[in-house]
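Remarks on the structure that follows.
These numbers were taken from a predicted model, which means no experiment stands behind them.
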Amino acid sequence: MVGDGHRPARKPLRDAQDEAGVPPGFWTGRGLAALGLAAGDVVTERQAELLLGEGRHPDADRIERELLDAGRSPAKARRATVLGRPIEHNKSPRTENAKERSPWLAMDLTFRAPSTVQIAWALLDDRIRRVLELCQDIARDKTLAWMEESVAEIRWGSGGKHRRPVRDGLIVAVFRHYESRAEKPLLHDHAVVSIRARRPDGTGTWGNWSADSMLTHIVVADTLFTLHFMEEVSARLGWAWEPREVTPGRRPVLEIAGIDQRLIGWQSTRRQQIADALPVLIADYEEAHGHQPGERAAKALDRQAADRTRPPKRKVPRSLSELREGWRQSAIRAFGACTVYRMAEKARAAAVAVWARVRPVVDIPLAAVATAAVVYVMRGAFKRHHLLAEARRHLAHILRGRPHEPGLDEQIVQTAVDGYTRPAGRTMMTADLRALYPNDLEDQAVIRPLTRARSASRYEKARLAAGALTARVNAVRRSHRIGFRSLPHTVAVPAGPPPRSRRDRGEARTGGAIRTAGRDHQEQTTDIATVEEARRAIEAAAAKLRDGIRERAVARGPRPQPAPAASTQQSAVQPRPGPHTPTGGVT
C-alpha cells in the first residue's frame, strides 16, 4: 500500500503514500455493490485490514456496533460481519490440514507493460505519460472484466465439488507502483483480488472463489492484457509494434517499433544482474549432475539467480516527478539528448514503415492451424485455455496493435478444436495429426522439423512446424483454384467466388482478408494436395488448351505463313489477344 517503502508506526497511511511517491489504492470490480462500495473509492487502511486481512465486511465496525446496540451478543455480532467461513476455523487445532492454518484471503495479480513502454513512459513528456497510464488502466480493467465473466467461479461442498460462476463479480483493490527494486522505471499495478464472493443460490451467503481456476488462466489473462494494451497505444499514439528476441530459441516479445534498443538494457538492469549470476549456478549444476541443464532445469536456475541478486527495497522516498527527472538525466548521460528527445518522432516514423510492411488481416483457418501446431509441439497434451493463450499471441503478432473484433480469439480456438484436435484423456486433448498432416504420415516431410532438431528449443520447433503447415495450406488453396479433383482428406477454408481480377487472386492467395469477426463465413471443403499434384494439373490444363488451339487452326484451313527467319531457332507461337482468346490462362 506504500510502494516499496516501509511505513513507520503511527504514521497515517496517506502521509506514507505521499512520501513514497505512490498514489492511494482504489476499489474496482462488479462485486463492490454487495458491500456498499463504489468503483474508484479510495482503499482505506481499515477496509484493507478487515476484508483482505480478516475476511470480514469492510464496514464491519459500524455493522458490529449497530448489532451490539440492538442487543445481540458480541460473538453473534462479530459473526454477522464475517464473509464466508471465519478465519478462526483455520487457526483451530482441530484443523487437520496444516496448509489451511494460514488463511489465504486474496490473490495479487500484477499488470505491467513491455520494456519499451516503460522507457517511453519514464523519459517522454507528461502528455505521453498520461496517455500510457490511461492505456494501462483500460487494458487492466478489460482483463479483470474478462476474468469476472469467463474465469471466476465459486466453489462449495466437500472438496469444492459444487462450482458455479460468481454471482456479483470480483472485489479488487488496485495499487500502482512506479519503479523496480533496481530503481529503474517500472509502471505496474498490483490488483489484489479478495477471495470472498457471493454464491449464486439467491440466499446471499458468501464463499471462496476457486483459486485453481484463476491460476489456470493467469497466462491467458496476461496475453489478453498485452493485446488490449497494444491496441490502445496504437490507437491513441499511432505507434506500431515489432517482435524482439530476448533469449535465443524462446518466444519473442513485442515492443514499440523505433525505440532505441540500447535503452532496454538501461531499463532492464535486473536482467543483466541475473545473467551475470547464471554461469556460476550452471557450473554447479553440471558438476553435480554430469550434464547441462535442460529447459525445465534452466528455468529453475534462472529463478535461483533472480532470488540471489534481488536488491533490497529503496528506503529514501522520492516523488514521481523526481524519479522521472533522475531517469531522464541518466539516459541523456548514457546515450545523448537526441536519443531521448527524438524518441516519439522515431516511433511514429517506424510505425509508418511497419504498417506499410505488415498486412493486419487475420485468416481464421490458418490461425487455427498455426495455433494447434505450436501448442502441440510445446505441450503435447493440452487444454482449451492453452489454445486461447496461443491464439491471442497470434493475434498480437499479426495485428501489431490494430484492433481486433471481440470473439475473434474464441473463433480461432473453436476452429482448432473442431478441425485439428482429438481427445487425449478425460480432460486433455492433443493435435489430430491426420488432420494437420494428411498423406504425410509415411515420409514425414512436414513432421520432420518436430523430431529431428533435438538441440533446438520447443518453441523453435513449434515455429518451424507452424511455418511448414501454413505454406502447405496455401499450396492446397492454390491447387483448389485450378479445379483439382477432391481427395479423401479435406480442410475447411472460407468459401468465395473464383478470383477474376488481380486483386481477387491476391486475396484468394492468402485465404481471403477476414476483416470483421462478426461476418458470417460459409465454409466449403477443399483438398489437401501436394504441390506435385498441382503441377500435373496445371500441365494437363495447358495441354488441353494447346490442343484446342491446334484443332481450331486446322478447321479454319491453311493460312499464308511469313518467310522463316534466318535463325535456326523459332519462338513459340502465341495466340493473339482477341474476344475469343483467353489472355489470363496458363502458358
Side-chain angles (χ1 to χ4, degrees), residues 1-5 13-14 16-18 20-32 37-45 47-48 51-52 105-122 126 128-148 151-152 169-195 214-215 217-233 236 253-254 256 267-268 270 313-314 318-320 323-324 327 392:
M1 297 181 73
V2 292
D4 285 337
L13 175 62
R14 192 68 192 94
Q17 290 171 335
D18 289 339
V22 296
F26 62 91
W27 294 107
T28 187
R30 290 189 293 120
L32 294 175
L37 299 174
D41 288 350
V42 174
V43 179
T44 66
E45 182 178 7
Q47 288 175 342
L51 180 61
L52 305 177
L105 297 173
M107 177 184 291
D108 179 16
L109 306 177
T110 306
F111 296 84
R112 55 161 294 180
S115 297
T116 47
V117 177
Q118 309 293 341
I119 295 168
W121 169 81
D126 284 336
I128 293 180
R129 174 185 66 82
R130 288 191 293 268
V131 170
L132 291 176
E133 290 177 359
L134 176 62
C135 295
Q136 171 118 345
D137 293 338
I138 296 174
R140 180 200 64 231
D141 292 344
K142 287 183 176 180
T143 304
L144 289 174
W146 173 79
M147 298 186 78
E148 284 183 319
V151 177
L170 300 178
I171 304 166
V172 187
V174 179
F175 303 94
R176 172 157 290 179
H177 295 172
Y178 293 136
E179 61 177 331
S180 66
R181 286 177 176 261
E183 300 186 14
K184 291 298 183 179
L186 186 64
L187 174 67
H188 61 286
D189 294 333
H190 292 274
V192 184
V193 187
S194 171
I195 201 172
M214 197 74 74
L215 291 171
H217 291 82
I218 288 296
V219 177
V220 189
D222 175 71
T223 56
L224 181 62
F225 169 77
T226 302
L227 187 61
H228 284 313
F229 187 86
M230 291 170 54
E231 293 176 358
E232 293 297 329
V233 171
R236 297 175 185 277
V253 297
L254 287 165
I256 299 173
Q267 186 266 339
S268 302
R270 286 285 294 130
K313 295 182 178 181
R314 177 178 56 83
R318 298 173 65 187
S319 65
L320 178 59
L323 290 172
R324 280 169 47 83
W327 294 330
R392 288 172 175 172

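Between D108 atom CG and D189 atom CG the span is 10.5 Å, to the nearest 0.5 Å. Put simply, OG1 on T28 and CG on L144 are 6.5 Å apart, with the number rounded to the nearest 0.5 Å. Note that CG of L187 is 13.0 Å distant from CD1 of I119, once rounded to the nearest 0.5 Å. The CD1 atom of I195 sits 7.0 Å away from atom CG of L105, with the distance rounded to the nearest 0.5 Å. Here the straight-line distance linking atom OG1 of T226 with atom CD of E231 works out to 11.0 Å at 0.5 Å rounding.
Cation-pi geometry between R176 and W121 is not satisfied (NZ or CZ under 6.0 Å from the ring centre, within 45° of the ring normal).
Between W27 and A173, the shortest heavy-atom contact is CZ3-CB, 3.8 Å. The heavy-atom pair separating R236 from C135 by the smallest distance is CD-SG, 3.8 Å. Scanning all heavy atoms of the two residues, the minimum distance from V43 to A48 falls at CG1-CB, 4.1 Å. Heavy atoms only, all atoms of each residue included: A152 and L170 are closest at CB-CD2, 3.8 Å. The nearest pair of heavy atoms linking P24 to V42 is CB-CG1, 4.0 Å. Here the shortest heavy-atom pairing between M107 and L215 reads CE-CD2, 3.8 Å.
Side-chain atoms of E148 come within 3.5 Å of backbone N or O of R30 as a donor-acceptor pair. The backbone N or O of L227 sits nowhere less than 3.5 Å from a side-chain atom of R392 that would complete a donor-acceptor pair. Under the 3.5 Å distance criterion, the side-chain polar atoms of D141 are left unmatched by any main-chain donor or acceptor of I138. A side-chain donor-acceptor contact under 3.5 Å links Q118 to the backbone of A113.
L186 places none of its side-chain heavy atoms less than 4.5 Å from the side chain of Y178. Residues D41 and F26 have side chains not in contact (no heavy-atom distance under 4.5 Å, counting atoms from C-beta outward). Side-chain contact between L13 and M1: present, with at least one pair of heavy atoms (C-beta onward) separated by less than 4.5 Å. At least one side-chain heavy atom of Q47 sits less than 4.5 Å from a side-chain heavy atom of L37. Side-chain contact between V172 and V192 is absent, with no heavy-atom pair separated by less than 4.5 Å. Side-chain contact between V193 and L109: present, with at least one pair of heavy atoms (C-beta onward) separated by less than 4.5 Å. Within the 4.5 Å cutoff, no side-chain heavy atoms of D222 are placed close to those of F111. Annotation: side chain of H217 is not in contact with side chain of M147 (no heavy-atom distance under 4.5 Å).
Judged purely by distance below 3.5 Å, without hydrogens or angles, the side chains of W327 and E179 never pair a donor atom with an acceptor atom.
A salt bridge links K142 with E232: the distance from a Lys NZ or Arg NE/NH1/NH2 to an Asp or Glu carboxylate oxygen falls below 4.0 Å.
The salt bridge (charged side-chain N to carboxylate O under 4.0 Å, His left out) check on D126 picks up R129, R324, with sequence neighbours excluded. Remark: R112 pairs with no residue by the salt bridge (charged side-chain N to carboxylate O under 4.0 Å, His left out) rule, at least two apart or across chains.
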